[in-house]
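Notes follow once the structure below has been shown.
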Amino acid sequence: NETMLLVEGLKEYTNYSFQVSGRTAPGSGERSAIVQARTDEDTPGAPTGLQVTGSDREVITMTWIAPSPEQTNGILLGYMVTLQGVSRLTGVNQTYSFSTNLLETELNATSISPGFNYTIFVQARTSKGFG
């Protein structure tokens, strides 16, 4: 007499169709109408293919590839690009963070300090946060 079933192991932000029917010793009854449901968003997978496509004393231009549709896990809202730098002369650390508009996969990081070696990280964002 259970009237509830927990379905586990579903993929994030995916549409599913459900039907139910009763079952007795002689067999199954008629199926219900189909009910559509979509699972909630989750944080996205990581962008790939990060490349520095140009640089000068105070600007670094970079591009990347958006997470694949299977790894998006929702609606992409933008990206956060973080540059972590270490001065080649003094060893001082410096961090810059840049947000991009929606689906842009290119960024010109401006006003950065010359003379630093930078490590660059790119994170995609959905309504559930950064992945």
Side-chain angles (χ1 to χ4, degrees):
N1 286 345
E2 279 192 50
T3 58
M4 185 178 98
L5 174 67
L6 177 64
V7 181
E8 298 180 305
L10 301 178
K11 173 129 179 56
E12 297 86 356
Y13 204 65
T14 301
N15 292 320
Y16 290 93
S17 300
F18 298 94
Q19 278 185 304
V20 296
S21 67
R23 176 174 272 175
T24 61
S28 296
E30 288 187 39
R31 292 182 180 175
S32 70
I34 295 173
V35 175
Q36 302 283 334
R38 180 170 44 206
T39 53
D40 201 7
E41 287 187 290
D42 199 359
T43 57
T48 59
L50 176 63
Q51 293 186 341
V52 173
T53 57
S55 64
D56 63 27
R57 288 183 45 84
E58 295 183 9
V59 177
I60 296 175
T61 301
M62 63 207 81
T63 62
W64 58 90
I65 299 168
S68 69
E70 296 80 28
Q71 294 182 332
T72 301
N73 299 332
I75 298 170
L76 285 182
L77 300 175
Y79 298 91
M80 175 67 70
V81 179
T82 303
L83 286 77
Q84 294 180 338
V86 178
S87 170
R88 291 189 293 269
L89 298 176
T90 64
V92 169
N93 294 319
Q94 205 165 30
T95 300
Y96 297 95
S97 293
F98 301 88
S99 292
T100 69
N101 294 328
L102 297 179
L103 302 180
E104 292 177 17
T105 57
E106 179 178 81
L107 176 73
N108 292 315
T110 60
S111 301
I112 59 173
S113 297
F116 279 68
N117 290 327
Y118 289 97
T119 302
I120 303 169
F121 304 93
V122 180
Q123 296 174 287
R125 181 172 65 93
T126 65
S127 67
K128 295 297 182 174
F130 290 98

Donor-acceptor under 3.5 Å ([X] side chain, [Y] main chain):
{"X": "Asn15", "Y": "Arg38", "value": "no"}
{"X": "Ser87", "Y": "Val92", "value": "no"}
{"X": "Thr39", "Y": "Tyr13", "value": "yes"}
{"X": "Thr105", "Y": "Ile65", "value": "no"}
{"X": "Lys11", "Y": "Glu70", "value": "yes"}
{"X": "Ser32", "Y": "Val20", "value": "yes"}

What heavy-atom pair brings [X] and [Y] nearest, and what distance separates the two atoms?
{"X": "Met80", "Y": "Ser97", "value": "SD-CB, 3.8 Å"}
{"X": "Tyr79", "Y": "Val122", "value": "CD2-CG1, 4.1 Å"}
{"X": "Pro67", "Y": "Gly45", "value": "CG-O, 3.2 Å"}
{"X": "Gln71", "Y": "Ala46", "value": "OE1-O, 4.3 Å"}
{"X": "Gly131", "Y": "Thr43", "value": "CA-CB, 4.0 Å"}
{"X": "Gly85", "Y": "Tyr118", "value": "CA-CD2, 3.5 Å"}

Aromatic plane relationship, Tyr96 with Phe98 - under 30° parallel, 30 to 60° tilted, over 60° perpendicular: parallel
Distance in Å, [X] [atom1] paired with [Y] [atom2], rounded so as to fall on 0.5 Å steps:
{"X": "Gln51", "Y": "Met62", "atom1": "CD", "atom2": "CE", "answer": "12.0 Å"}
{"X": "Leu77", "Y": "Lys128", "atom1": "CG", "atom2": "NZ", "answer": "12.0 Å"}
{"X": "Glu104", "Y": "Ser99", "atom1": "CD", "atom2": "OG", "answer": "11.0 Å"}
{"X": "Asn93", "Y": "Gln84", "atom1": "CG", "atom2": "CD", "answer": "8.0 Å"}
{"X": "Asn108", "Y": "Thr53", "atom1": "CG", "atom2": "OG1", "answer": "7.5 Å"}
{"X": "Thr110", "Y": "Ile60", "atom1": "OG1", "atom2": "CD1", "answer": "10.5 Å"}

Would you mind reporting whether [Y] and [X] have side-chain heavy atoms less than 4.5 Å apart?
{"X": "Asp42", "Y": "Thr126", "answer": "no"}
{"X": "Phe18", "Y": "Val7", "answer": "yes"}
{"X": "Leu107", "Y": "Trp64", "answer": "yes"}

Cluster link Val52 to Val81, ILVMFWY, side chain under 4.5 Å: yes
In one Ile/Leu/Val/Met/Phe/Trp/Tyr side-chain cluster, 4.5 Å: Leu5, Val35: no
Test item: side-chain donor near acceptor, Gln94 and Ser113, under 3.5 Å: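 There is such a pair between these side chains.
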Greater than 12 external heavy atoms within 6.0 Å of Gln19's CD: yes
